[in-house]
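Proteins get letters first, then strands, A, B, ... in listed order; numbering begins at 1 in each.
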Amino acid sequence: AQSVSQHNHHVILSEAASLELGCNYSYGGTVNLFWYVQYPGQHLQLLLKYFSGDPLVKGIKGFEAEFIKSKFSFNLRKPSVQWSDTAEYFCAVNAGSSNTGKLIFGQGTTLQVKP
Amino acid sequence: EAGVTQFPSHSVIEKGQTVTLRCDPISGHDNLYWYRRVMGKEIKFLLHFVKESKQDESGMPNNRFLAERTGGTYSTLKVQPAELEDSGVYFCASRPGLAGSDTQYFGPGTRLTVL
């Protein structure tokens, strides 16, 4: 069965610090990979996604993620965080060969950025 | 374009009662998903509709949960009778096409508390 592991459950950074959130998944076949974010009081929204092509994908608000197939990883990065990046971040996968789109989520990482 | 909406935003009920959650997907989106997040755990898939048909209900916890999508528009998720462990946030998501890589758009969630 597919599973997703997010290494850090709670991260605290100061503004301008660099961010890297880890995500590993277990599935041997083709996958689609997603990072979603939930800002306080708001609904889940897509940050970025990978389904094929360039393994380095760029998303909204300066975020990017790199798909490393050999490591089953899809880590999220941002060079310089802002206070407004305080939110909960979710990594998710679905099996690329399936058209159901069912998402398997990690446990989420809460990011707190101190001004 | 209106997003995915869910009603109610919060529901507090007693064990043994019945609750019905509603989701209105984005207009034209054939695919509708229900997910649930129990406190402290990951967001878990419950089921998937394509139009009015249940495509995958492998995530439904037990037969106390009944989902419908009559006419292929809005969906309801009924819990009857509710148990304490049903407490959590219930998310609905929709996406337009058949490709698993398509973005799912999430609603704000319904927070269910069973006392």
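- Hydrophobic clustering (ILVMFWY, side-chain heavy atoms < 4.5 Å, transitive): A:Val31 and A:Phe74 are in one cluster.
- Residues A:Val81 and A:Tyr39 fall within the same hydrophobic cluster, defined by Ile, Leu, Val, Met, Phe, Trp and Tyr side chains chained together at heavy-atom separations under 4.5 Å.
- The CD atom of B:Glu42 lies 10.5 Å from the OG atom of A:Ser5; values are rounded to the nearest 0.5 Å.
- Within 6.0 Å of the NZ atom in B:Lys54, the count of heavy atoms belonging to other residues, nucleotides or ligands exceeds 12.
- Once rounded to the nearest 0.5 Å, the distance linking OH of B:Tyr105 with CD of A:Gln45 reads 11.0 Å.
- A chain of hydrophobic side-chain contacts below 4.5 Å, direct or via other Ile, Leu, Val, Met, Phe, Trp or Tyr residues, connects A:Tyr25 to A:Val57.
- Inter-residue side-chain proximity for A:Leu103 and B:Phe45 is flagged as unmet; no heavy-atom pair is nearer than 4.5 Å.
- Cluster membership check: B:Leu84 shares its hydrophobic cluster with B:Leu77, using side-chain heavy-atom separations under 4.5 Å among Ile, Leu, Val, Met, Phe, Trp and Tyr.
- Residues B:Ser58 and A:Lys102 meet the side-chain proximity criterion, which asks for heavy atoms closer than 4.5 Å.
- Within 6.0 Å of OH on B:Tyr74 lie no more than 12 heavy atoms contributed by other residues, nucleotides or ligands.
- A:Leu44 CG to B:Tyr35 OH: the interatomic distance, rounded to the nearest 0.5 Å, is 10.0 Å.
- Once rounded to the nearest 0.5 Å, the distance linking CZ of B:Arg37 with CD of A:Gln38 reads 7.5 Å.
- The contact between A:Leu46 and chain B is made entirely by side chain atoms (from C-beta outward), counting heavy-atom distances below 4.5 Å.
- Looking at A:Tyr36 and B:Thr103, their side chains come closer than 4.5 Å, going by heavy atoms from C-beta outward.
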